[in-house]
Amino acid sequence: MHGRVKVKTTAQQEEEKRKEREKKLKIYVAARDACFSKRKDAVFDDEALQLTQQLLSSNPDFATLWNYRREILTHLETVKDEDEVQKIYEAELSFLESCLKVNPKSYGSWHHRGWVSARLPRPAWTRELSLCDRCLSLDDRNFHCWDYRRMVVKMSDVPVKQELEFTDRLIGSNFSNYSSWHYRSTLLPLLHPESAERPSQRGDPPHSPSPPCPQTHSHRVCEEQLLKEYELVQNAFFTDPNDQSAWFYYRWLLGRAEREEMISCVYVSREEERVAVAFSRPVNARSGVLLLVLDGQPQRVEWRSVHPHFKHSPVWICDLPPGTISDITNEHNLTVHWTEKHAHRDCALYTGRSESWCRDTATDLELFRSELSVEKTSVLQSELQSVNQLQELEPLNKWCLLTIILLMRALDPLGYEKETLAHFQTLKEVDSMRSAYYGDLCSKFMIENTILKMEYAEVRVFSISDRNLTTLCHLDQLLLVTHINLSSNQLRRLPPQFAMLQCLEVVEADNNSIENLEGVYHLPKLEEVSLKNNQISTPADLQPLASCPKLKRLDLRGNPVTQTANVESELAELLPSVTDLLL
Amino acid sequence: MSAQLKDVIIKPDAPSSLLLDKHADYIAAYGSKKDDYEYTLSEYLRMSGIYWGLTVMDLMDQLQRMNRQEIIDFIKACQHECGGISASIGHDPHLLYTLSAVQILCLYDSVDAIDVDKVVDYVKGLQQEDGSFAGDKWGEIDTRFSFCAVATLALLGKMDTINVGKAVEFVLSCMNFDGGFGCRPGSESHAGQIYCCTGFLSLTGQLHQLNADLLGWWLCERQLPSGGLNGRPEKLPDVCYSWWVLASLKIIGRIHWIDKDKLRRFILACQDEETGGFADRPGDMVDPFHTLFGVAGLSLLGDEQIKAVNPVLCMPEDVLQRVGLRPDLLS
Ligand SMILES: [Zn+2]
């Protein structure tokens with residue numbers, strides 16, 4: 001029950017109501033039972049249509065009665081001629097129209113209307129489209145009607161262009177209309193797809209919208225149209241800067257295409273005789289998905305994700321049979337085939353080298369940026385200027401602040417880092433309900449920036465201390481990192497994803513609030529872990545470290561665990577490889 | 001034209017503590033008004049009504065107050081020749097009520113009371129070529145029904161009887177520009193559908209297909225200054241949407257992106273101090289539907305007076321443990 005305000009009533013009113021309800025109940029039950037018994041006897045007559053109509057007009061959610069009506073109607077189809085059937089269905093449509101007037105949000109009525117419309121001997125889709133127009137003019141957010149409209153458009157091949165113009169009109173009369181912006185997001189890529197060819201040379205634009213495919217859906221609209229959309233949205237948010245619809249849409253426009261599915265890195269370690277493979281998206285590579293070829297010979301290896309927590313993971317590892325590559329005087333050539341995607345990546349391990357990797361360097365710098373052409377960059381620059389202007393008028397508008405951050409990231413993430421941080425600070429203050437969201441988003445951006453800096457410097461050290469990090473992400477990008485410094489942040493855990501850092505030797509994570517080390521799991525090269533001033537409270541919390549065979553130095557000073565009795569002996573038993581324990 | 005922010009104001013005298021006893025009394029009494037007009041009118045969804053009532057009673061550890069045998073007999077009487085289960089006697093079978101019935105039987109640890117193989121055949125028979133599920137033989141397609149299908153099969157341990165890959169493909173084809181999901185491909189995002197689709201992806205082990213950061217942002221933007229959550233932009237807050245948004249956030253590991261204290265205050269303010277039960281908004285009429293989602297929401301927010309609820313199936317965690325079902329959650 002929705003939106004029924006509770007009203008205080010007197011005892012007398014209550015009694016009157018009770019009597020009235022009793023009367024209604026009798027009528028209702030009689031009609032219902034009559035319907036049920038007729039149906040049981042397979043009676044498909046006018047009286048049954050009357051009875052179900054009577055009940056459905058006040059209770060359109062009584063699905064079984066719609067089913068009964070459909071049985072009657074399909075029966076009538078077999079005994080009447082086409083004109084009569086046409087008339088019967090026309091009558092059904094006007095009955096439905098009266099139902100929808102009373103209850104425009106009934107699933108049953110809308111589904112039945114679609115069913116009837118599709119069975120009409122001479123369909124009248126134009127009329128249905130104008131019914132949608134009328135219905136949406138009364139409530140432009142009625143998603144049942146929007147869905148019905150999409151069905152009508154599909155059945156009658158309404159051109160996409162015409163539907164886009166419809167959203168133009170709706171948005172033009174009221175910018176605050178999330179449903180219309182949503183509809184645009186499904187139409188634009190059909191009408192103006194991003195393509196090497198120019199849309200005008202593509203011949204006729206596609207007609208009825210086909211279901212968007214998820215992989216291509218966050219995809220892209222051609223640049224020329226994008227520029228027009230920026231303008232439209234800008235009009236919207238300058239008119240009403242607090243209307244979220246346009247801002248949501250704008251963020252979509254600024255988004256980037258999904259990364260192509262590929263093997264982004266292959267790493268091989270001679271000492272561990274281990275191969276690690278990173279993918280651009282999480283995959284399940286457990287059985288038969290990956291083929292490892294070593295010096296021309298397919299290898300029987302067992303692939304596993306880096307942590308039992310993940311069935312799908314962007315990083316997978318396998319151990320080679322002992323002795324296969326351990327001799328440092330030998331050179332080896334590896335190829336990892338991703339059979340179902342027809343993708344592969346080679347990696348050569350040269351004589352005298354203890355490890356080697358091969359990865360996709362071309363995408364490194366563009367990982368976290370929009371895919372921009374030069375023209376678009378200058379457009380975004382001027383977008384940033386106008387949103388900055390808006391922000392001067394509306395200094396505390398959160399949508400505006402967030403959009404500025406996104407534009408800055410699209411343009412020059414490192415160059416704007418200081419401003420970005422300042423804006424995040426303001427955001428957390430003006431929209432405190434969502435401060436944890438902003439904290440996590442800011443952490444993500446700072447991690448992206450640090451990855452970019454690391455790539456520029458061509459080092460394997462990832463250092464991001466004192467940045468208010470609340471969460472860790474993009475850890476699959478850190479497969480080759482040997483030293484990580486996460487000190488003086490607000491981290492509470494080293495999550496299972498942390499196990500993707502397969503080359504890690506040193507972890508510094510002092511001065512956080514870490515209480516969970518789940519992700520420090522089977523890291524074969526890990527030697528030093530510094531966790532000063534965290535929230536590790538029991539020796540059991542350190543259990544994951546026991547899976548790291550080379551761990552020698554562990555600093556736990558300033559953790560509650562140091563206060564437990566016999567901690568030293570317990571840890572000596574749990575972590576026998578540690579020779580340098582600081583408590 | 002300025003978008004007026006739609007929200008409610010919580011009065012200072014609104015309830016601010018949890019009235020568990022009153023809610024248990026309200027639900028226990030609800031089923032005894034069988035001759036009531038309003039009660040009869042809702043016959044078309046009776047099976048779900050019973051699921052709402054029983055689940056909230058179980059979450060409050062009061063399940064023993066309900067009439068177990070009567071309910072199990074009723075469910076048996078609602079199973080049809082085709083295997084599907086109807087909302088009530090005389091009504092037609094549908095996936096919505098088939099799931100509710102199976103959920104109830106799991107609460108009572110009595111799944112064998114019905115013909116399980118036939119239920120499985122019924123669900124399987126409703127899968128379409130594109131992977132979607134029709135709600136019944138009349139062919140309405142909706143991602144809600146995809147959820148009903150896999151939830152029913154997961155509870156019965158029979159997920160492998162359908163084409164899971166195709167089912168996943170269809171649900172993913174309903175993903176939108178905002179990371180959310182609608183009823184069908186191209187439909188606008190809606191918190192109820194998002195709950196169904198994230199739940200579906202959890203049960204099928206495909207949560208990594210979500211754009212969790214984008215979806216999480218849309219979801220946490222559902223929280224209004226009153227603390228309540230709405231189901232779509234520019235809509236009023238509601239206890240049931242609060243559940244759907246909250247459960248979805250829990251499934252995608254981002255429940256901390258909303259202000260939990262404020263939401264708790266909103267949910268508590270939707271209680272009726274006189275009659276017990278929760279309404280959609282403060283001051284409205286209560287019903288078992290919002291009572292379940294109010295209590296389940298408080299459970300997800302960590303209220304220790306209530307049993308832990310599973311965000312995917314909206315059932316007590318101890319029941320799922322018994323069934324041996326542990327749906328994935330993103331960390
Ligand atoms: Zn509601």
Side-chain angles (χ1 to χ4, degrees), chain A residues 1-6 21-22 24-25 28-29 36 59 61-64 66-67 70 107 111 115 141 143 146-147 150 174-176 178-179 182-183 185-186 209 211-214 217-218 239-240 242-245 248-249 252 255 281-282 309 311-312 432-434 436-437 440-441 444 495-496, chain B residues 1-3 5 35-38 40-41 44-45 86 90-92 94 136 138-140 172-173 175-178 182-190 205 208-209 211 213 216-218 220-221 223 225 232-235 238 254 256-259 262 272 279-281 283-285 287 289-290 331:
Chain A
M1 247 186 287
H2 283 110
R4 290 196 24 185
V5 179
K6 189 175 167 180
R21 281 209 206 99
E22 218 165 83
K24 276 179 160 173
L25 177 68
Y28 177 83
V29 169
F36 281 175
N59 193 357
D61 295 326
F62 197 153
T64 301
W66 290 118
N67 298 346
R70 285 189 280 268
Y107 283 96
H111 176 244
W115 186 87
R141 299 296 307 284
F143 70 84
W146 278 106
D147 282 345
R150 277 182 274 268
N174 177 12
F175 282 125
S176 173
Y178 195 86
S179 305
H182 158 78
Y183 197 24
S185 80
T186 68
C213 154
H217 188 51
S218 46
T239 309
D240 183 357
N242 288 306
D243 170 40
Q244 57 187 296
S245 309
F248 271 103
Y249 188 72
W252 173 67
R281 297 160 51 86
H309 185 83
K311 278 179 249 162
H312 293 84
S432 61
M433 278 200 296
R434 276 163 282 269
Y437 168 67
D440 284 358
L441 186 65
K444 181 178 174 178
Chain B
M1 195 172 330
S2 173
L5 185 63
D35 295 327
D36 188 79
Y37 177 58
E38 308 276 329
T40 309
L41 272 189
Y44 70 88
L45 52 65
S86 55
H91 292 244
D92 291 347
H94 195 283
D136 63 12
W138 294 100
E140 188 182 2
L172 291 176
S173 76
M175 200 192 283
N176 288 322
F177 80 111
D178 47 25
C183 302
R184 288 179 283 279
S187 304
E188 180 182 345
S189 298
H190 175 291
H208 64 281
Q209 308 262 21
N211 188 339
D213 284 341
W217 177 53
W218 189 91
C220 76
E221 281 295 343
Q223 188 164 36
R232 290 193 287 158
E234 324 287 358
K235 296 282 178 184
D238 182 326
R254 283 152 177 82
H256 61 289
W257 284 2
I258 55 145
D259 186 325
K262 281 198 149 182
D272 188 319
D280 57 349
R281 284 182 274 283
D284 281 0
M285 301 280 281
D287 59 68
F289 176 79
H290 289 97
S331 59

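- The line from CE of A:M433 to CD of B:Q223 is 4.5 Å long, rounded to the nearest 0.5 Å.
- In this structure a side-chain-to-backbone donor-acceptor pair under 3.5 Å is missing from A:H312 to B:H208.
- Atom NZ in B:K235 sits 5.5 Å away from atom CZ in A:R141 (nearest 0.5 Å).
- Contact count against chain B (heavy-atom pairs under 4.5 Å) is highest for A:Y28 among A:W66, A:Y28, A:Y249.
- In this structure, A:S185 and B:F177 approach most closely via the heavy-atom pair OG-CD2, 3.3 Å.
- Most heavy-atom pairs under 4.5 Å with chain B, from the set A:S245, A:G3, A:P495: that is A:G3.
- Using a 4.5 Å cut-off between heavy atoms, A:F62 contacts chain B through both its backbone and its side chain.
- Using a 4.5 Å cut-off on side-chain heavy atoms (C-beta onward), B:E234 and A:D243 make contact.
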| task | Please lay out, stage by stage, how B:D284 and A:H2 fare under the test side chain to side chain contact (heavy atoms under 4.5 Å, CB included). | result | CA-CA 8 Å; B:D284 281 0; A:H2 283 110; over 6 Å; no

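- Nearest approach of A:S179 to B:E188, heavy atoms of both residues: OG-OE1, 2.6 Å.
- Here the OG atom belonging to A:S432 is positioned 6.0 Å from the NZ atom belonging to B:K262, to the nearest 0.5 angstrom.
- Taking every heavy atom of both residues into account, B:H256 and A:A436 meet most closely at O-CB, 3.2 Å.
- The candidate from B:L41, B:D213, B:D272 with the greatest count of non-hydrogen atom pairs under 4.5 Å with chain A is B:L41.
- Options B:Y44, B:F289, B:W217 differ in how many heavy-atom pairs under 4.5 Å they form with chain A, and the most are formed by B:W217.
- In this structure, chain B has heavy atoms under 4.5 Å from both the backbone and the side chain of A:K24.
- A:R70 contributes no side-chain N or O that, together with a main-chain N or O of B:W138, makes up a donor-acceptor pair within less than 3.5 Å.
- Among the candidates B:H190, B:R232, B:H94, B:E38, the residue making the largest number of heavy-atom pairs closer than 4.5 Å to chain A is B:R232.
- Ranked by heavy-atom pairs under 4.5 Å with chain B, the first of A:D440, A:T64, A:N59 is A:T64.
- For chain A, the nearby part of B:H290 is the side chain; its heavy atoms alone come within less than 4.5 Å.
- One distance of note links CD of B:E140 with CH2 of A:W115; it measures 14.0 Å at 0.5 Å rounding.
- Here A:F248 contributes atom CZ and B:S189 contributes atom OG; the two are 9.5 Å apart, rounded to the nearest 0.5 Å.
- Going from atom CG of B:L45 over to atom CG of A:D61 covers 8.0 Å, rounded to the nearest 0.5 Å.
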